[in-house]
Amino acid sequence: MFQAQKDWLVRFNLVRRIEHIVLLVSFTLLCLTGLPQKFSAYALSDAVIALFGGIELARLIRRLSALTFGLLGAFHLAYSAYEIATKRSSLGMLPTVKDLTDAWGAFLYYLGRRKVEPRYDRYDFKQKVEYWAVVWGFVIMGVTGVMMIFPAQVTRFMPGEIIPAAKAAHGGEAILAALVILTWHVYNAHLRPGIFPFDTSIFTGKIPKQRMIEEHPLEYARMISQAAADNDGSEHA
Amino acid sequence: MQPPAARSGDQACLSCHNSPELSATLGDGSKLSLFIDTKNFYKSVHGGRDVSCTDCHVDIKGYPHPKLQARNKRDYALTAYQLCRKCHTDNYTRTLDSMHAKVLAGGNFQAPVCTDCHSAHYVTPPNKPRRRISDTCGTCHSNIYFAYVSSVHGKALLEESNVDVPVCTDCHGVHNIHDPRVAAFRAGTPEMCSKCHSDEKLMGKYKISTQVFQTYLADFHGVTVSLVKAENPNIWTYKAVCTDCHGVHDIKKVDDPTSSVVRQNLVKTCRKCHPDVIESFPAAWTSHYQPNKDRYALVYYVNLFYKIFIPVTIGGMMVFIVLDYVRSIVNRRRKV
């Protein structure tokens, strides 16, 4: 399944790479059109809204981005289910007890209390934290966003107070999501020594073999044994 | 106080003009009274300050006077008010920007000029007493005046002689009164109301919240109105401003049973813009309150959750980021 091309290994297929670009664009547009509305009293907010051609246009772009974001989520769920069902992908993104022990192990390693870093599988605990943060954010933002677009319909079966509560959650979650991207994601995918300035793997789909060995040793070992098994199989055939 | 006898400069004029019968016949055959009530003239701001007849009537150099060219009384008034300009240049110039001047220029000769509000010869301070301002506007704008009189502001002014409440000019301006039906006036409404309603000292007297403006700006309607205004105040927005819910001239106390925003009437007011909403909808608006444990508790706890959850999450991430970075640097040095 994996083809070694010189010193690069395939990490993400085309669908996952496209998903990331769609997520990147829609998330950025949602931040740029949403945060200025949350912080509407600031002059910078007016300037950002003006870049979009005014509030009406900014809101149109925002709703299209939100629709894209929502469809992306639905597609992601369906495509992941398909990949897992057809054994093209594993459940490797699910959080496990090992992630907790890995995080603790990494913490000790950083402090010099452990000689070696924990050995990670396809996704390390940092990547899982970010992935599930996006899933959590997707659900919160989606539900509260729809509630704010349809307040009259929502209050037919829920108390009115749910609308300002949705707005509060939407705003709080927006700040959290933007800060997680600006800190966790920017560090791990851009600023981290060895990565700086840019981890290109989610765009090209490929990762240097050396990084694979260092960052995902368990997956690499599995790939090697799988490749060996395949080769044996083909020789016998 | 006994009014002074006619001053030397006015004596000659008043020897004729003190006669109640004195009048001139205008072009349309109507009679323009030329009588000056000496007693009231000397009580006026001008008469009391040594302004004599010919200071204003500069065209009168002697007797006989030049014949009046006016076709009718209004025609005369529309020419004569220009005399005010000589001394009151600033206010005269301001009126040129006003809605009244526009209407006049458009051919409506009933539009008011200086003397319609201030009178010609018996000018006294227009704000003494303060209700006189609104009474003056009410001369022409009678429907609006009656609505105002029924409002919390108007009632306080007229029944309690309360000088804290706004009279017409506080919202509409004085001489350069603009058209209040345009987008810019609408977009400026929240700031206009907040001039008084954000004033701690003034509102404290009546135990009215000063958070009404900030809470409005932070909510759905206020965000849009302020963003649209920042973009271009001349864009009309249908998002609610103060007056859409509270009323314009007929604003009532919020606990008045006839108020448009009292709980039992609120859903009706919401339906002006949100036609198909039910009784639970108005609670979607936090009624200018800052959510707390007792009021809008759900909103309060959601905010509290994020107030804790955001710093804990980001703080935890930053700990890992900094430690990871330091470890990388240390490892690199060791390799070298």
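Just the heavy atoms: all of them, side chains too, but no hydrogens, waters or symmetry mates, feed the values below. Order of the sequence lines sets the chain letters (A, B, ...), proteins ahead of strands, with each chain counted from 1.
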Tell me, yes or no, whether the heavy-atom count around A/R114 atom CZ, taken from other residues, nucleotides or ligands under 6.0 Å, exceeds 12. yes
Ranked by heavy-atom pairs below 4.5 Å to chain B, first place among A/I162, A/V129, A/I163 goes to A/I163
By number, which residues in residues 39-54 of chain A have some heavy atom less than 4.5 Å away from chain B? A/S40, A/D46, A/I49, A/G53, A/G54
Is it true that atom NZ of B/K253 has more than 12 heavy atoms of other residues, nucleotides or ligands lying nearer than 6.0 Å? no
Which residues in residues 307-325 of chain B have a heavy atom less than 4.5 Å from any heavy atom of chain A? B/F309, B/I310, B/T313, B/I314, B/M317, B/M318, B/V319, B/F320, B/I321, B/L323, B/D324, B/Y325
Among B/N303, B/V228, B/T224, which has the most heavy-atom pairs under 4.5 Å with chain A? B/T224
Contact part of A/F157 toward chain B, heavy-atom cut-off under 4.5 Å: side chain, backbone, both or neither? neither
Check B/R327 against A/Y109 and note the closest heavy-atom contact, atom names and distance. NE-O, 3.2 Å
Side chains of A/K38 and B/V223: does their closest heavy-atom pair fall under 4.5 Å? no
Main-chain N/O of B/A297 paired to A/E161 side chain as donor or acceptor, under 3.5 Å: yes
Of the listed residues (A/R59, A/E56, A/E117), which shares the most heavy-atom pairs with chain B below a 4.5 Å separation? A/R59
Spacing of A/L176 atom CG and B/Y306 atom OH [to the nearest 0.5 Å]: 7.0 Å
Look up atom OG in B/S328 and atom CZ in A/F196, then write down how far apart they are to the nearest 0.5 Å. 13.5 Å
Which atoms of A/M158 approach chain B - backbone, side chain, both or neither, heavy atom under 4.5 Å: backbone
CD1 (A/I55) and OG1 (B/T237) are apart, to the nearest 0.5 Å, by 10.0 Å
Residue-level interface, residues 261-280 of chain B with chain A, non-hydrogen cut-off under 4.5 Å: B/D276, B/V277, B/I278, B/S280
Does atom OH of B/Y238 have more than 12 heavy-atom neighbours from other groups under 6.0 Å away? no
Check B/L227 against A/Q37 and note the closest heavy-atom contact, atom names and distance. CD1-CG, 4.0 Å
Is it true that atom CH2 of A/W104 has more than 12 heavy atoms of other residues, nucleotides or ligands lying nearer than 6.0 Å? no
How many angstroms lie between atom CG of A/L57 and atom CD of B/E231, to the nearest 0.5 angstrom? 9.0 Å
Can you establish whether the number of heavy atoms outside B/Y289 located under 6.0 Å from its atom OH is more than 12? no
Residues of residues 181-207 of chain B near chain A, each having a heavy atom less than 4.5 Å away: none
Is any side-chain heavy atom of A/R156 less than 4.5 Å from a side-chain heavy atom of B/F281? no
For chain B, which of A/P151, A/P159, A/P36 has the most heavy-atom pairs under 4.5 Å? A/P151
Under a 4.5 Å heavy-atom cut-off, does chain B meet the side chain of A/L182, its backbone, both or neither? neither
